[in-house]
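All values below were derived from every heavy atom in this structure, side-chain atoms included, with hydrogens, water molecules and symmetry-related copies excluded.
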Amino acid sequence: MYVCGPTVYGDAHLGHARAAVTFDVVFRYLSFLGYKVRYVRNITDVGHLEADSDDGEDKIAKKAKLDQLEPMEVAQFFADSYHRDMQILNTLKPSIEPRATGHIPEQIKLVADILEQGLAYVTNGSVYFDVLKYNEKTKYGRLSGRVIEELLSGSRELDGQSEKRNPLDFALWKKASPEHLMKWDSPWSIGFPGWHLECTAMSSKYLGHHFDIHGGGMDLMFPHHECEIAQGNACNHLDPAKYWMHNNMITINGQKMGKSLGNFITLQQLFNGDHNVLEQAYSPMTIRYFILTAHYRSTLDFSNQALQAAQKGYKKLINGLRIARKISYVDDPNFPFDAGQVEQVQKSLGAAMDAMDDDFNTAQAIGHLFNILKKINSIYTGQLGASSFGREVFDTMIQTFDRFITELLGLVEEKLTEQEPLLNVLLQVYQEAKLARNYAKVDVIRAELKQLGIIVKDMKNKIDWAYEE
RNA sequence: GGUCGAGUGGCCGAGUGGCUAGGCAGAGCUCUGCAAAAGCUCGUACAGCGGUUCGAAUCCGCUCUCGACCUCCA
């Protein structure tokens, strides 16, 4: 599986998180099913130009000039911050994380191959892909449903200054101006590779000419992925990927969140609550949960209300996970085997897996997990017995619930305290005070713990704590 | 303008022909020193208008509204 990674010239935002979490779950689920998955996600550190695709300034070089840094310093800094953010979102590392600048010879080779096929041309030291010529044999635009005639009529006229023969042509290699910071020697000029080329070079190097899944954000479908398809076909006469998966956008007030619109919220801002649209900070797992409650192909609208609901939902699930790890099977004559209960649980367990099988529908799977959670909570509070389910179903339920949340969805407990043994001592004092009917003391302990985000749970025969939702 | 997609109960958000999605918020109940937690019950939603069908949120048509892509963006 190949997934388009970030261009490292700025902090990661909610949109990066959605892409990373979406494909993290794909990676996790396929691995869970027993597939051996090689997950390649690149880092773009050169060639990605601003504004007009082939005439703009390199994004990283621009940032470097602004901050008076080496471009590689910029790339390093933001690659590190991206890794930090993705790690706290609990995404697994890709198997290979190649960088564009580390694959310049491979890209030069590709340019030469495409030239040899007669599908590119050189102008003033730059090399462009000849889309019209390519289109004669292989249709360009199949992935995004575009027809070349329509694209041509919609595109603006060449201004005569352009080196391109046709506005749809895209750069494979660009000659660098003297002041350009990142440049390499090539047969055509001292320059740098075009943006679309790196993914073709790196995916084919590590996954071959025809691999299973290619992922990325929906905004990359055109033209980026179309160009990849064209490059792959030009060199290898094969579509690079069998399946293309695109995650949809995150919107804010119904509008796409994006760099160009300047309405994006970085992950650090979310974690700190440091942005004027944020009413509060939201934890990494809240963000992850929020992303998973929508199907990856749907747009997902950001709002404080939605995030707050996500926070409560996440904590409810995690409180359930703590309970699931605590309860064990006990034979209890008060709770005889109940075929109806068993059926409900098995139905939910099956449905949760079916949801994942059906295009990674995490939203639906989570819905079924909440139904299982009710059973687990009921067992814990004594409203149901483990023996109602029988040992086998009970064990399966607990194990599946746990693995589903932690291994498949990648949701883990955000510990508020590493002092759980101390907390338990305090709860013992609480219980003793309660038995002594010292309610003043009881209330104080309860209030103090609540301040720390911990809720005391009084049940019939026991006392426990939970994260405040 | 072209292409594509979406409109689901107070909010978020699954669901593509008949079977309770789920979460948040709200109401009631059980439990409880009081609470909380947990559980149970409830609201009877599918933009509008037509059509197909025994039956439609789900299919078809039209209308309205919103969005995405067509230029860099996850």
Side-chain angles (χ1 to χ4, degrees), chain A residues 3-7 10 12-23 48-57 59 141 144-147 150-151 153-156 167 195 215-224 246-251 254-261 264 289-290 293-295 297-303 305-314 316-317 319-320 323 348 351 355 358 361-371 373-384 434 437 439 442-443 446 450 455-460 463-466 468-469:
Chain A
V3 175
C4 287
T7 300
H13 57 73
L14 204 42
H16 292 104
R18 187 168 200 197
V21 168
T22 295
F23 292 104
H48 205 161
L49 307 184
E50 289 223 319
D52 188 55
S53 63
D54 296 320
D55 299 317
E57 203 171 355
K59 291 185 175 198
S144 55
R146 310 229 171 186
V147 186
E150 285 169 0
L151 285 170
S153 67
S155 63
R156 65 207 129 125
W195 175 41
M218 205 166 240
D219 46 353
L220 298 178
M221 188 153 70
F222 187 91
H224 185 54
H246 294 99
N247 62 279
N248 214 320
M249 304 290 102
I250 285 186
T251 58
Q255 224 192 4
K256 179 179 152 181
M257 178 181 289
K259 288 210 167 119
S260 53
L261 293 166
F264 63 93
Y289 176 89
F290 174 65
T293 53
H295 186 95
R297 281 189 282 105
S298 302
T299 55
L300 176 59
D301 196 48
F302 166 89
S303 71
Q305 215 178 6
L307 261 295
Q308 281 155 13
Q311 176 177 306
K312 292 196 177 188
Y314 160 70
K316 187 168 186 168
L317 209 53
N319 279 329
I323 288 168
S348 293
D358 187 5
N361 195 334
T362 53
Q364 199 172 64
I366 288 171
H368 295 298
L369 287 181
F370 272 103
N371 288 331
L373 174 61
K374 283 182 185 173
K375 303 299 179 198
I376 291 170
N377 279 331
S378 296
I379 292 169
Y380 191 53
T381 55
Q383 290 153 292
L384 273 176
K434 217 171 162 188
R437 295 179 185 277
Y439 293 122
V442 166
D443 290 344
R446 201 195 271 157
K450 190 167 192 292
I455 291 292
V456 179
K457 297 169 67 172
D458 282 301
M459 285 162 282
K460 264 187 174 167
I463 288 167
D464 196 7
W465 62 273
E468 186 181 12
E469 293 169 10

- C1' atoms of B:U58 and B:U52, separation to the nearest Å: 14 Å

- Task: Tell me which nucleotide among B:A14, B:A74, B:C24 gets nearest to the side chain of A:A294.
- Result: B:A14

- Message: Strictly below 4.0 Å: does A:T22 bring a side-chain N or O up to OP1 or OP2 of B:A74?
- Response: no

- Message: From CD of A:E150 over to P of B:C4, roughly how many Å is that when rounded to an integer?
- Response: 8 Å

- Message: Any base atoms under 4.0 Å from A:M221, or only sugar-phosphate, or nothing? Heavy atoms, all strands.
- Response: nothing

- Message: Counting the atoms with a prime plus P, OP1 and OP2 as sugar-phosphate, which does A:H13 contact under 4.0 Å by heavy atoms, base, sugar-phosphate, or nothing?
- Response: base

- Closest approach of A:I376 to A:G320 (non-hydrogen atoms, all atoms of both residues): CG2-O, 4.2 Å

- Item | Partners meeting salt bridge (Lys or Arg N to Asp or Glu O under 4.0 Å) with A:R446 (sequence neighbours left out) | A:D443, A:D458

- Can you tell me how far P in B:U20 sits from the matching atom in B:A45, rounded to whole Å? 15 Å

- Provide, to the nearest angstrom, the distance between the CZ atom belonging to A:R18 and the C1' atom belonging to B:G13. 11 Å

- Query: Any idea which of B:G13, B:C24, B:A74 is nearest the A:H16 side chain?
  - Reply: B:A74

- Message: Treating A:R146 as the side-chain partner and A:L151 as the backbone partner, does any N or O pair qualify as donor plus acceptor under 3.5 Å?
- Response: no

- Nearest-Å distance, CG (A:N247) to P (B:A74)? 11 Å

- Message: Please check: side-chain N/O of A:N361 versus main-chain N/O of A:A355, any donor-acceptor pairing under 3.5 Å?
- Response: no

- In whole Å, what separates the P atom of B:U41 from that of B:C24? 15 Å

- Any idea which of B:C24, B:G13, B:C72 is nearest the A:A309 side chain? B:C24

- Item | Gap between atoms CD and C1', on A:Q305 and B:G26 respectively (whole Å) | 13 Å

- Query: Rounding to the closest angstrom, what is the interatomic distance between B:U44 and B:A21 at atom P?
  - Reply: 14 Å

- Item | Short side-chain N/O contact to B:A74 OP1/OP2 from A:K256, under 4.0 Å | no

- Message: I'd like to check the side-chain hydrogen bond (donor to acceptor under 3.5 Å, both in side chains) partners of A:D464; sequence neighbours left out, ordered by chain and number.
- Response: A:K326, A:Y380

- Message: Return whichever of A:D443 or A:T293 has its heavy-atom-nearest nucleotide of RNA chain B closer to the 5' end.
- Response: A:T293

- Task: Output the single nucleotide from B:A74, B:C11, B:G13 whose closest atom is nearest the side chain of A:A363.
- Result: B:G13

- Using heavy atoms to find the nearest nucleotide of RNA chain B for A:S303 and A:T251 separately, return the residue whose nucleotide is more 5′. A:S303

- Between the main-chain N or O of A:A294 and the side-chain N or O of A:S298, is there a donor-acceptor pair closer than 3.5 Å? no

- When you measure from the side chain of A:H368 to the backbone N and O of A:A365, does any donor-acceptor pair fall under 3.5 Å? no

- Task: Could you measure between the two P atoms, the one in B:G51 and the one in B:G13, and give it in whole Å?
- Result: 33 Å

- Message: What contact category does A:N248 fall into here, base, sugar-phosphate, or nothing, at under 4.0 angstrom with non-hydrogen atoms?
- Response: base

- Task: Could you list the residues that satisfy side-chain hydrogen bond (donor to acceptor under 3.5 Å, both in side chains) with A:D301, not counting sequence neighbours?
- Result: A:T251

- Message: Taking only the C1' atom of each, what is the distance from B:A47 to B:A6 in whole angstrom?
- Response: 11 Å

- Any donor-acceptor pair under 3.5 Å linking the side chain of A:R18 with the backbone of A:N247? no

- Query: In dot-bracket form, how is RNA chain B paired, counting a Watson-Crick or G-U wobble pair only if both its distances are under 3.5 Å and using | for bases paired to another strand?
  - Reply: ((((((((.[[[..)..(...]]].(((((.......)))))....[[[[[..)....]]]]])))))))....

- Message: So, using side-chain hydrogen bond (donor to acceptor under 3.5 Å, both in side chains) as the criterion, who are the partners of A:E468 when residues are at least two apart?
- Response: A:K450

- Once you round it to whole Å, what is the distance between P of B:G22 and OH of A:Y289? 13 Å

- Task: Report the C-alpha distance between A:K457 and A:T381 in whole Å, list the side-chain angles of each, state the deciding distance to 0.1 Å, and finish with yes or no for side-chain contact (heavy atoms from CB on, under 4.5 Å).
- Result: CA-CA 10 Å; A:K457 297 169 67 172; A:T381 55; 5.8 Å; no

- Item | Spacing between A:R297 atom CZ and B:A14 atom C1', to the nearest angstrom | 12 Å

- Message: Distance check needed: B:A21 P versus A:I366 CD1, whole Å only.
- Response: 18 Å

- Query: What does nucleotides 35-48 of chain B look like as a protein-contact string, B for base, S for sugar-phosphate only, - for none, at under 4.0 angstrom between heavy atoms?
  - Reply: BBSBBS--------

- Of B:G33, B:A14, B:C72, the nucleotide closest to the side chain of A:V442 is B:G33

- Query: Contact class for A:L14 vs. all strands (heavy atom < 4.0 Å): base, sugar-phosphate, or nothing?
  - Reply: nothing

- Measure the shortest side-chain to side-chain distance between A:F264 and A:L14 over non-hydrogen atoms and say whether it is less than 4.5 angstrom. no

- Round to a whole Å and report the spacing from CG of A:N371 to P of B:G23. 7 Å

- Task: Quick one: label A:G15 by what it contacts on the DNA or RNA (base, sugar-phosphate, nothing), any heavy atom closer than 4.0 Å.
- Result: base

- Please measure how far the P atom in B:G26 lies from the corresponding atom in B:C4, and state the result in whole Å. 44 Å

- Item | Interatomic distance at P, B:G9 relative to B:G48, whole Å | 10 Å

